[in-house]
Amino acid sequence: MTSILVVEDESSIRDAVRRGLTERGYAVATAPTGLAGLEHVLAEEPQVVLLDLGLPDVSGLTLITMIRAASEVPIIVITAQDDDPTMVRALDSGADDYVVKPFGTDQVAARIRAVLRRTGRAAEPSDPIKVGDLVIDERTRTATLAGERLDLARKEFDLLLALAQRRGEVVTKRELLAEVWQQAYGGTDRTVDVHLSWLRRKLGETAAAPRYLISVRGVGVRLVEPGTG
Ligand code: CA
């Protein structure tokens, strides 16, 4: 069971994250202050830390540095605003990823899986995901459409899985590059576009007549049940 530490002073968020991740099979501990969080990291060695940047006792950025001095544990920052300079500082200080409030548990769970994959500490694979007639099975790394197995290349499957884990949500190309190609800063949108077009062909659709893969111009793409997007 993957152990998660949630460092967050707002009890409503702390409890919601704990509940949501517990339901998804994680062992969740919480800390209401930065120093309690640091103590837990040192004593219990959780596998992932979710860290709120706005804490009452010590700034989240300072806490990242303090954790990094002692541990390589993946850190996902929780922040109230999509504030670019702060995020850059958090990532530069050693955070691995971030989520912006308000966020859903599905998104946090997907970030946790991604960060564990990237850092080579892969979590238990998730149950098969069904979207319309499409079934994506992480355990067997196979996907079927209306019962027919799809012949997907490795990156095509990874891309489909990344989208399925956040089904219904727009996923940006930058996020896909980070999750599927492990390039947080490098890589180009073109890489994503090319693989998306291959994936579309295998799903029997085109960009002009999409069914499952809905592009949102200038933003990204989301996987939907046909007819609902
Ligand atoms: Ca806070």
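Counting starts at 1 for both ligands and their atoms, following the listed order.
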query: Which N/O/S atom belongs to Asp9 and is the closest one to the Ca ion (ligand 1)?
result: OD1
task: Establish, from distance only, whether the side-chain atoms of Ser215 and Arg200 form a donor-acceptor pair under 3.5 Å.
output: yes
statement: In Asp52, the N/O/S atom nearest the Ca ion (ligand 1) carries the name OD2
- prompt: Is there an N/O/S atom in Pro56 that lies less than 3.0 Å from the Ca ion (ligand 1)?
  reply: no
Side-chain donor or acceptor of Glu205 paired with backbone N/O of Tyr212 under 3.5 Å: yes
field: Non-hydrogen atoms of Pro74 and Asp96 that approach each other most closely
entry: CA-OD2, 3.2 Å
field: Closest contact, heavy atoms only, Leu35 versus Val58
entry: N-CG1, 4.1 Å
